[in-house]
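Keep in mind that this is a model prediction, so the values were computed, not measured. Naming: A, B, ... by sequence-line order, numbering from 1 per chain.
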Amino acid sequence: MPELPEVETTRRGIEPHLVGRTVVALNVHEPRLRWPIPAGLAVELVGQRVERTGRRAKYLLIELTRGTLLWHLGMSGSLRVLPACAPRGAHDHVDLVLDSGFLLRFNDPRRFGSIHYTTGDPHTHPLLGRLAPEPFDREFDADYLWRITRRRRAAIKTLLMNSHLVVGVGNIYANEALFRARVRPQRAARTITRAEARRLVRSIRAVLTVAIRAGGTTLRDYVGADGNPGWFRQRLYVYERDGKSCRRCRTPVRAITQGQRSSYYCPACQR
DNA sequence: ATGGGCACCTGGCTGC
DNA sequence: TGCAGCCAGGTGCCCA
């Protein structure tokens, strides 16, 4: 999916169309997402006003009058704002219909996405409560990364993708951040030096920032709220570039498998 | 506590 | 052309 930049791009795209609008209907055409959409959700939402939108890790938050929707895009999900009369296509599972004549449409071929609703503080929701700090929080700094890596034998890349330790970084940006920090993905986390921890924090923030600016990365399914793809793919240094020459030093980029996911790195630039 | 592997699902591509 | 096999932006859960 959608990693942090794609979710943030989606949030920024949909927000102006949602805030201040009232929910007229929730049309669920396929409730079988990663977790089934509760049967009574539509009744609960109708009549509520959208107060604001937010994001926690890769969860999109839509705050309503009496509760909050937590919307996860899974691997292949996307949200678009469309006129209420727009014809439905394949994998268009859910429409949140607004009083503006527009709707928020959820498309998700693989159905790994999910929608949750809570009337409590969303940040204490079971799925959000134990998440690590946001990469742009002050708390997430070189010292934090240094501390959490000390006793870890697992590969640094696996750790960067663990949402209880670092949030928002998926397979694309973990690979890209490691390249920028000149650290090999298979390095045991506990061997990361202070200097490397500092570079990793900077690289994570930098790659996420630039990706957001580019509207995210589109590999296959992802589109923003306006239906346009993200353009960061053209800026990738290593992801899905195995066999091609490193954009910094011309050495062929290498691919390995870690924890059933593909990793890519430059054997010359990364140590 | 930590780490590793599986499951969920559809579609696109490769190679026989 | 057909089809089996493999791969893909995630992550909760189960087991050792």
Side-chain angles (χ1 to χ4, degrees), chain A residues 1-11 29-37 55-60 70-79 89-93 106-116 125-132 135 147-178 185-190 204 207-208 210-212 214-224 229-236 238-243 255-264:
Chain A
M1 146 193 164
E3 304 182 35
L4 187 151
E6 292 74 36
V7 179
E8 182 59 24
T9 299
T10 298
R11 190 196 67 75
H29 304 103
E30 175 56 86
R32 295 175 305 163
L33 303 183
R34 178 159 194 204
W35 285 283
I37 297 174
R55 179 190 55 74
R56 178 71 176 101
K58 297 172 191 168
Y59 288 90
L60 192 63
L70 314 182
W71 211 316
H72 199 291
L73 305 183
M75 285 279 262
S76 57
S78 58
L79 281 167
H91 312 300
D92 286 337
H93 305 314
F106 182 56
N107 180 281
D108 186 7
R110 294 177 72 181
R111 288 195 276 120
F112 286 172
S114 61
I115 305 173
H116 312 265
H125 187 277
L127 292 172
L128 303 193
R130 292 182 183 181
L131 291 175
R147 270 185 290 115
I148 63 166
T149 50
R150 283 317 82 193
R151 291 168 187 282
R152 299 267 180 171
R153 295 167 183 277
I156 182 66
K157 177 173 174 255
T158 311
L159 196 136
L160 293 183
M161 292 176 66
N162 181 339
S163 61
H164 299 299
L165 303 171
V166 182
V167 124
V169 178
N171 205 29
I172 296 177
Y173 301 112
N175 279 297
E176 294 298 308
L178 285 160
Q186 60 271 54
R187 279 270 300 283
R190 65 200 302 192
I204 289 168
V207 74
L208 296 177
V210 178
I212 291 170
T217 302
T218 296
L219 300 175
R220 301 165 242 298
D221 306 293
Y222 175 76
V223 290
W231 301 108
F232 193 73
R233 189 175 195 179
Q234 301 164 339
R235 313 274 297 267
L236 297 175
V238 286
Y239 187 80
E240 286 190 342
R241 294 196 68 249
D242 48 314
I256 58 170
T257 300
Q258 295 181 280
Q260 299 104 242
R261 315 301 297 271
S262 295
S263 297
Y264 306 87

Practice task
Please tell me which of the listed nucleotides, B/dG3, C/dA8, C/dT11, lies nearest to the side chain of A/Ala154?
Solution key: B/dG3
Handout entry: Value in whole Å for how far the P atom of B/dG4 lies from CZ of A/Arg152
Key = 11 Å
Problem - Residue A/Glu240, side-chain heavy atoms: nucleotide from C/dT11, C/dA8, C/dG12 that is nearest - result: C/dA8
Problem - Stacking of A/Phe112 on B/dC9 base (centres under 5.5 Å, planes under 30°) - result: no
Handout entry: Between C/dG10 (P) and A/Met161 (CE): distance, integer Å
Key = 5 Å
Practice task
Please work out if A/Arg34 contacts a base, only the sugar-phosphate, or nothing of the nucleic acid, heavy-atom cut-off 4.0 Å.
Solution key: base
Handout entry: Whole-Å gap separating C1' (B/dC9) and CZ (A/Phe106)
Key = 12 Å
Fill in the blank from the handout: Closest to the side chain of A/Arg111, out of C/dG12, C/dA8, B/dC9, is B/dC9
Exercise for the section: Let me know the distance between CG of A/Leu70 and C1' of C/dT11, rounded to the nearest Å. Expected result: 15 Å
Fill in the blank from the handout: Rounded to the nearest 0.5 angstrom, the CG-OG distance for A/Asp242 and A/Ser263 is 11.0 Å
Exercise for the section: Any chance you could encode DNA chain B as dot-bracket? Rule is Watson-Crick or G-U wobble with both distances under 3.5 Å; [ ] for pairs crossing earlier ones, | for another strand. Expected result: .|||||||.|||||||
Practice task
Inspect the surroundings of CZ in A/Arg190 and state if more than 12 heavy atoms from other residues, nucleotides or ligands are less than 6.0 Å away.
Solution key: yes
Exercise for the section: Examine B/dG11: is either OP1 or OP2 under 4.0 Å from a nitrogen or oxygen in the side chain of A/His91? Give yes or no. Expected result: yes
Practice task
Check whether any side-chain nitrogen or oxygen of A/His72 sits under 4.0 Å from OP1 or OP2 of C/dT11, and answer yes or no.
Solution key: yes
Exercise for the section: Ignoring backbone atoms, establish whether A/Arg220 has a side-chain N or O less than 4.0 Å from OP1 or OP2 of C/dA8. Expected result: no
Handout entry: From C/dG12, B/dC9, C/dT11, nucleotide with atom closest to A/Lys58 side chain
Key = C/dT11
Exercise for the section: Give a yes or no answer on whether the side chain of A/Arg55 reaches the backbone of A/Ala57 with a donor-acceptor pair at less than 3.5 Å. Expected result: yes
Handout entry: Closest listed nucleotide, where the reference is the side chain of A/Ser262 and the choices are C/dG10, C/dC7, B/dG11
Key = C/dC7
Exercise for the section: Output yes when at least one side-chain N/O atom of A/Arg151 is less than 4.0 Å from OP1 or OP2 of B/dA1, else no. Expected result: no
Handout entry: Distance, rounded to the nearest Å, where A/Lys157 contributes NZ and C/dT11 contributes P
Key = 13 Å
Handout entry: P-based separation of C/dC7 from B/dG5 [nearest Å]
Key = 15 Å
Practice task
For A/Asn162 and B/dT2, give me the distance from atom CG to atom P, rounded to whole Å.
Solution key: 10 Å
Completion exercise
By ring pair (Phe, Tyr, Trp, His ring centres under 6.0 Å), A/Tyr239 pairs with (sequence neighbours left out) A/Tyr264
Problem - Euclidean distance, A/Leu4 CG relative to A/Arg56 CZ, rounded to 0.5 Å - result: 10.0 Å
Problem - Test item: A/Glu3 side-chain N/O and A/Gly170 main-chain N/O as donor-acceptor pair under 3.5 Å - result: yes
Problem - Rounded distance in Å - CG (A/Leu159) to P (B/dA1) - result: 16 Å
Exercise for the section: With heavy atoms under 4.0 Å as the rule, sort A/Phe232 into base, sugar-phosphate or nothing. Expected result: nothing
Problem - Pairing of A/Arg235 and A/Glu176 as salt bridge, 4.0 angstrom limit - result: no
Fill in the blank from the handout: Of A/Trp35, A/Tyr59, A/Phe106, the one forming a ring pair (Phe, Tyr, Trp, His ring centres under 6.0 Å) with A/Trp71 is A/Phe106
Exercise for the section: Ignoring backbone atoms, establish whether A/Tyr239 has a side-chain N or O less than 4.0 Å from OP1 or OP2 of C/dA8. Expected result: no
Exercise for the section: Output yes when at least one side-chain N/O atom of A/Arg110 is less than 4.0 Å from OP1 or OP2 of B/dC8, else no. Expected result: no
Completion exercise
Rounding to 0.5 Å, atoms CD1 (A/Ile148) and NE2 (A/His164) come to a distance of 12.5 Å
Exercise for the section: With heavy atoms under 4.0 Å as the rule, sort A/Arg261 into base, sugar-phosphate or nothing. Expected result: base
Practice task
Looking at every strand, decide which applies to A/Gly259 at a 4.0 Å heavy-atom threshold: base, sugar-phosphate, or nothing.
Solution key: nothing
Fill in the blank from the handout: In whole angstroms, the gap separating P of B/dG12 from CG of A/Asp221 amounts to 9 Å
